[in-house]
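These notes concern the structure reproduced below.
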Protein chains: 2
Amino acid sequence: MAATKDPRPCSIADALALVGEKYSLLVLREVCLGNGRFDQLVRNIGAPRDILAARLRRLVDAGILTKRVYSERPQRFEYRATQAGLELEPVLMTLKEWGDRHIRKGADLPMAVEHICGNELVPVVTCRACGEEVRHEDLTARPQAPGWTRTGPTAA
Amino acid sequence: MAATKDPRPCSIADALALVGEKYSLLVLREVCLGNGRFDQLVRNIGAPRDILAARLRRLVDAGILTKRVYSERPQRFEYRATQAGLELEPVLMTLKEWGDRHIRKGADLPMAVEHICGNELVPVVTCRACGEEVRHEDLTARPQAPGWTRTGPTAA
DNA sequence: AGTGGAGAGTTTGATTTTCAAACCTGGCGC
DNA sequence: GCGCCAGGTTTGAAAATCAAACTCTCCACT
C-alpha cells in the first residue's frame, strides 16, 4: 500500500489513499442514500463480505463513516456518513455525471438525483471566486512544495 | 475484476471501473499538468512500471488518453488527455479540495491551482439549474431502473 | 425445547494483483 | 564501440481479492 519511491505530495493522492480503494466510494454512495446496513451494502455494491468489512473499518477509522447501533437486543448496526463523508457526495455526483455522459452516453440512466430547486441535478464544478465553470484551459498549476518543481528530469 | 452478484447499475460504479483502479487518477493528474511521458509518470506518481503500463493501455483503450509520438527517431511517446479525460479534471480538483480540507487540514498545501480569473481555484460543485452549491440535504434520489427500487431486503 | 432465520460479520483456501528489481530494445552522442 | 536514455517487458516473491462456508447472537414459531 505504500508508494514506491517519492511520489509528489498531493492532496489528490492523499484523498485517494483513503477513499480510492475498490468499493470505498460505492460504500459512500449507499451510505449517503441511507442504506448503511452491512447486508444492504453487500447486496447493492456486490463486494465480498470480508473486503467490505475491511473497507468499513478503514472508513470509520478515517472519520468518514460512523458505526451506529440502531437496535440493542438484537444488536444491529448501521453506518452513516460523517460531515467529512457527506462532503464527498459532490465528488460522487460529479463522477456520476461524467459517467452518464461518457460511458452511458445519456441513454437509459439508471438513477437521477433531484435538487431541492425542483430540477434534476446536473452538477457543475465552478470557481468559488468568480463563479465560472471550471475548465482545463483556465487552470494554471502553482507548485508550492518541493516535489512539484521537478516535473521530471527532462521537462522544463 | 467483475463484480460478484448483481450490484446496482450505476454511472458512479461504471466510472470507477474505468478510472478507479490504483494510480489511474494520478496518471490523469500528471497528464493534465502536461507531464505525459512514461518516466515522468513513474517518478511523479511512484507506481511500478508494469502497473503503469497496464493502466496507460486501459486509459487509452477507454478513450481517456491518447498516445502521441513526439519524436520519431528516436521514437518517443507522450500521453495526453482526450476531451473525456480533460472533463475528469474538475473531479480531480474537487477531490483535491476535499483532501486539502479534511486530510491536510489547510496546512502546508503542496500545490495550488490558479483560475483564469486571477484567484486561487477553490472548486465548488453547483446545480446547473439553480446555481446553488450542492449539499447532501438538498438531494433526493430518483430511481429509474430496477436495482434501484430494492434498497435492500428490509428497507422501505 | 427445538427449528429456523436474520444480521453482522470471520475464516478458509484458491486465484489475482501488485510489487521491485532486473532485463531488453532501439537509437543517438562521442 | 561504449554508454546512456526512453519506454517499456519479464520474473519471482509478497500481498490483496474472491466465493463459499462458517460462527455467533438474538428472536420467532411451534
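Here is how names work: the chains are called A, B, and so on, in the same order as the sequence lines, proteins then strands, and each is numbered from 1.
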Tell me: CZ of B:Phe77 to C1' of D:dG8, nearest whole Å?
9 Å
Ignoring backbone atoms, establish whether A:Arg68 has a side-chain N or O less than 4.0 Å from OP1 or OP2 of C:dA8.
no
When you measure from the side chain of B:Ile51, which nucleotide among C:dC19, C:dG27, C:dT10 comes out closest?
C:dC19
Provide, to the nearest angstrom, the distance between the CD atom belonging to B:Gln75 and the C1' atom belonging to D:dG8.
12 Å
Let me know the distance between CD1 of A:Ile45 and P of D:dT17, rounded to the nearest Å.
14 Å
Roughly, in whole Å, what's the span from CD in A:Glu78 to C1' in C:dG7?
13 Å
OP1 or OP2 of C:dA8 less than 4.0 angstrom from a side-chain nitrogen or oxygen of A:Tyr70, does that happen here?
yes
Just checking, any donor-acceptor pair under 3.5 angstrom between side chains of B:Arg37 and B:Tyr79?
no
Determine whether any donor atom in the side chain of A:Arg49 lies under 3.5 Å from an acceptor atom in the base of C:dG9, or the reverse, and answer yes or no.
yes
Within less than 4.0 Å of OP1 or OP2 of D:dA16, is there a side-chain N or O belonging to B:Lys22?
no
Length of the CD-P vector between A:Glu30 and C:dA8, whole Å
14 Å
Of C:dT10, D:dG7, C:dC28, the nucleotide closest to the side chain of B:Phe38 is D:dG7
Taking 4.0 Å as the cut-off, does a side-chain nitrogen or oxygen of B:Tyr79 come that near to OP1 or OP2 on D:dA6?
no
If you only use heavy atoms from C-beta on, which nucleotide in C:dT10, D:dT9, C:dC19 is closest to the side chain of A:Arg57?
C:dT10
Between the side-chain atoms of B:Asp39 and the base atoms of D:dC5, is any donor-acceptor pair under 3.5 Å?
no
Decide side chain to side chain contact (heavy atoms under 4.5 Å, CB included) for B:Glu30 and B:Leu33; before the verdict, give the C-alpha distance in whole Å, the side-chain angles of both, and the deciding distance to 0.1 Å.
CA-CA 5 Å; B:Glu30 289 301 313; B:Leu33 287 166; 4.2 Å; yes
Testing C:dT10, C:dC19, D:dA6 for proximity to the side chain of B:Pro48, the answer is C:dC19
Nearest-neighbour nucleotide for the A:Pro74 side chain, D:dC26, C:dC28, C:dT10 considered
D:dC26
Might you point out which heavy atoms bring A:Arg58 and A:Ala17 nearest each other, and give the distance in Å?
NH2-O, 2.6 Å
So which nucleotide from D:dA19, C:dA6, D:dT9 ends up closest to the side chain of A:Arg76?
C:dA6
Check for me whether A:Lys67 meets the cation-pi criterion with A:Phe77, that is, NZ or CZ under 6.0 Å from the six-membered ring centre and within 45 degrees of the ring axis.
yes
From OH of A:Tyr23 across to P of C:dT17 the rounded distance in Å is 11 Å
Rounded to whole Å, the CZ-C1' distance (A:Arg73 to D:dT25) equals 9 Å
Given D:dG7, C:dA8, C:dC19, which nucleotide is nearest the side-chain atoms of B:Arg37?
D:dG7
I'd like to know if the side chain of A:His102 pairs up with that of B:Glu87 as donor and acceptor (distance under 3.5 Å, no hydrogens or angles considered).
yes
So, do B:Arg104 and B:Leu109 sit near enough that their side-chain heavy atoms are less than 4.5 Å apart?
yes
Please state how far atom CD in A:Glu21 lies from atom C1' in D:dA15, giving the value in whole angstrom units.
13 Å
Would you indicate which nucleotide in D:dC18, C:dG9, C:dA20 comes nearest to any side-chain atom of B:Asp50?
C:dA20
